A.B. asks: 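Before I ask anything, here is the structure I am working with.
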Amino acid sequence: MIRGGLINPLHLYENTERHIMANLGIPQNTIAVLQKYNISFQKKFGQNFLIDTHVLEKIVAAADITKDDLVIEIGPGIGTLTQYLCEAAGKVVAVEIDRNLIPILENDTLKDYDNVEIINADILKLDIEKLIKDRPVRGKARIVANLPYYITTPIVMQVLESRAPVDSLTVMVQKEVAERMQAAPGTEDYGAVTLAVNYYTSPRIAAYVPMNCFMPRPNVDSAVIVLKMHEAPPVDVKDEKLMFSLIRASFNKRRKTLLNGITTGGLGFTKEEVLKAFETCGLDPAIRGEKLGLPEFAALANALGERTV
Ligand code: SAM
């Protein structure tokens, strides 16, 4: 049975016959579960569990979840955020790599939710598009996660590039990563990740989260960022792969000019071809890549794609 409304923060963890739901956002409850199962945090899996009910509520509010929605959670841990997601969503699929945590989720912390499915897998090896298509819902598919920091960017990029029918990703990431994702052209944080994220989504930082909201405490601050997928790409580019190769070549050699970055980036373009494309796009040959936005990179990719020197 799922209780409606918010989880009552007064319900503390008790190992009794009678079920009392444990809100793991309360530190004592998390400590009780850790002690009961003798869990030692797996650093290699980036395990930092949330212990702050306000932050958990903020994540759920930012994700804009309805009872018609399917939520995929990456890395439920002991089920802290999952409990909140189960209260808000129609269905939750929680994908956890650490097999030692699965029995705790199934038999204890999530056992009273009949709208959760727990999958023991590495999210990077999962076909997210198939996972969503096999679980049709009336509402939208959303990804919500307190991501393991050691693989934040690969996970986000994999979801974006997969073209899985996801409406939004609401993810806790390292503060600097969130700031890079929503940086403006020409700033220090601006880079290939900014452009990739903005090609697929509109990013918005919803909250900053200090390190003391986690157990164990990480040595970096965090932020919750909402990446709302575009319905259509914001620029018209004929060859996406070429555009992203240009972006990568340009930021790999940040201190050099864009012209230099592209001609020495192993992309197979001669200096003459690149200069001709620059002329078509009205770009100064001395410009650096960090000054360019998506429209300019798209135009350059289109011009180079039709090179005729
Ligand atoms: N959601 C929990 C919370 O907010 O307290 C735990 C978040 S913890 C930062 C990240 C979780 O992701 C851990 O439980 C970790 O085991 C899991 N994880 C790490 N790598 C993963 C992967 N490749 N696929 C699925 N889960 C992963």
Side-chain angles (χ1 to χ4, degrees), residues 7 13 22-34 37 39-60 62-63 65 71-89 92-106 108-110 113 116-128 131 142-159 162 169-175 177-178 206-207 209-225:
I7 297 169
Y13 188 84
N23 177 354
L24 296 167
I26 297 163
Q28 298 93 304
N29 292 349
T30 285
I31 291 166
V33 171
L34 297 174
Y37 295 99
I39 298 171
S40 45
F41 299 105
Q42 296 294 313
K43 216 171 164 194
K44 66 174 177 195
F45 292 143
Q47 290 178 351
N48 298 95
F49 300 150
L50 265 167
I51 45 158
D52 188 299
T53 54
H54 299 296
V55 173
L56 287 153
E57 278 160 21
K58 268 192 200 163
I59 297 174
V60 174
I65 303 164
V71 171
I72 298 170
E73 187 193 6
I74 300 162
I78 56 170
T80 314
L81 177 58
T82 330
Q83 293 181 331
Y84 282 71
L85 297 174
C86 289
E87 297 283 339
V92 178
V93 177
V95 181
E96 174 56 58
I97 197 169
D98 185 351
R99 67 185 156 86
N100 293 326
L101 299 179
I102 305 299
I104 303 170
L105 295 167
E106 285 178 345
D108 198 335
T109 58
L110 301 179
Y113 291 105
V116 65
E117 185 185 338
I118 298 151
I119 299 178
N120 180 206
D122 177 347
I123 192 70
L124 292 175
K125 295 190 181 139
L126 219 60
D127 182 344
I128 297 177
L131 190 144
R142 303 177 188 280
I143 291 183
V144 185
N146 169 17
L147 286 177
Y149 292 170
Y150 75 107
I151 45 165
T152 302
T153 309
I155 291 177
V156 170
M157 289 318 300
Q158 176 152 326
V159 175
S162 75
L169 292 87
T170 301
V171 285
M172 175 93 72
V173 297
Q174 195 177 322
K175 179 175 150 250
V177 174
V209 181
M211 35 185 112
N212 60 5
C213 294
F214 301 87
M215 189 184 291
R217 209 177 131 123
N219 47 19
V220 291
D221 284 324
S222 303
V224 177
I225 189 160

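Counting starts at 1 for both ligands and their atoms, in listed order. All values derive from a computational prediction rather than experimental measurement.
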A.B. asks: Check ligand 1 against Gly46 and write out every atom of the ligand that is under 4.0 Å from a heavy-atom position of the residue.
C.D. replies: 8 (S), 9 (C), 10 (C)
A.B. asks: Non-hydrogen atoms of Ala121 versus ligand 1: any pair closer than 4.0 Å?
C.D. replies: yes
A.B. asks: Look at atom 14 (O) of ligand 1 and say which protein heavy atom is nearest, naming residue and atom and giving the distance to 0.1 Å.
C.D. replies: Glu96 OE1, 2.7 Å
A.B. asks: Which pair of non-hydrogen atoms, one from Gln42 and one from Gln47, has the smallest distance, and what is that distance?
C.D. replies: N-OE1, 2.8 Å
A.B. asks: Are Tyr37 and Pro103 side-chain neighbours, meaning at least one heavy-atom pair lies under 4.5 Å?
C.D. replies: no
A.B. asks: Looking only at protein heavy atoms, which one is nearest to atom 20 (N) of ligand 1, and how far off is it?
C.D. replies: Tyr150 OH, 2.9 Å
A.B. asks: Which residue holds the protein heavy atom closest to atom 2 (C) of ligand 1, what is that atom called, and what is the gap in Å?
C.D. replies: Pro76 O, 3.3 Å
A.B. asks: Quick one: which ligand 1 atoms are inside 4.0 Å of a heavy atom on Asn48?
C.D. replies: 7 (C), 8 (S), 9 (C)
A.B. asks: Does Gly77, backbone or side chain, put an N or O under 3.5 Å from an N or O of ligand 1?
C.D. replies: yes
A.B. asks: So do Val209 and Asp52 actually touch side chain to side chain, heavy atoms under 4.5 Å?
C.D. replies: no
A.B. asks: Indicate yes or no: at least one non-hydrogen side-chain atom of Ile39 is less than 4.5 angstrom from one of Asn100.
C.D. replies: no
A.B. asks: So do Phe41 and Leu34 actually touch side chain to side chain, heavy atoms under 4.5 Å?
C.D. replies: yes
A.B. asks: Measure the CG-CD1 distance between Leu81 and Ile74 for me, rounded to the nearest 0.5 Å.
C.D. replies: 11.0 Å
A.B. asks: Within the structure, is a non-hydrogen atom of Tyr149 found at a distance of less than 4.0 Å from ligand 1?
C.D. replies: no
A.B. asks: Can you tell me the protein heavy atom closest to atom 23 (N) of ligand 1 and the distance?
C.D. replies: Asp122 OD1, 2.8 Å
A.B. asks: Determine whether Met211 and Val220 satisfy the following criterion, side chain to side chain contact (heavy atoms under 4.5 Å, CB included), listing intermediate values before the conclusion.
C.D. replies: CA-CA 6 Å; Met211 35 185 112; Val220 291; 5.7 Å; no
A.B. asks: Could you list which atoms of ligand 1 come closer than 4.0 Å to a heavy atom of Glu73?
C.D. replies: 1 (N)
A.B. asks: Atom 24 (N) of ligand 1: which protein heavy atom is closest, and how many Å away?
C.D. replies: Ile123 N, 3.0 Å
A.B. asks: For ligand 1, which atoms sit closer than 4.0 Å to a heavy atom of Val95?
C.D. replies: 25 (C), 26 (N)
A.B. asks: Quick one: are Ile128 and Ile123 in side-chain contact, heavy atoms under 4.5 Å?
C.D. replies: yes
A.B. asks: Counting non-hydrogen protein atoms only, what is the nearest one to atom 21 (C) of ligand 1? Give residue, atom name and distance.
C.D. replies: Ile97 CG2, 3.5 Å
A.B. asks: I'd like to check which ligand 1 atoms, numbered from 1 as shown, lie under 4.0 Å from a non-hydrogen atom of Thr80.
C.D. replies: 5 (O)
A.B. asks: Would you please say whether a donor-acceptor pair under 3.5 Å links the side chains of Glu87 and Tyr113?
C.D. replies: yes
A.B. asks: Is Met172 near ligand 1, meaning one of its heavy atoms is under 4.0 Å from it?
C.D. replies: no
A.B. asks: What I'd like to find out is whether the side chain of Thr170 reaches to under 4.5 Å of the side chain of Arg142, using heavy atoms alone.
C.D. replies: no
A.B. asks: Looking only at protein heavy atoms, identify the closest one to atom 12 (O) of ligand 1 and say how far it is in Å.
C.D. replies: Gly75 CA, 3.2 Å
A.B. asks: Look at atom 3 (C) of ligand 1 and say which protein heavy atom is nearest, naming residue and atom and giving the distance to 0.1 Å.
C.D. replies: Asn146 ND2, 3.5 Å
A.B. asks: With a 4.0 Å cut-off on heavy atoms, is Leu124 touching ligand 1?
C.D. replies: no
A.B. asks: Of all heavy-atom pairs between Asn48 and Arg217, which one has the smallest distance, and what is that distance?
C.D. replies: ND2-C, 4.3 Å
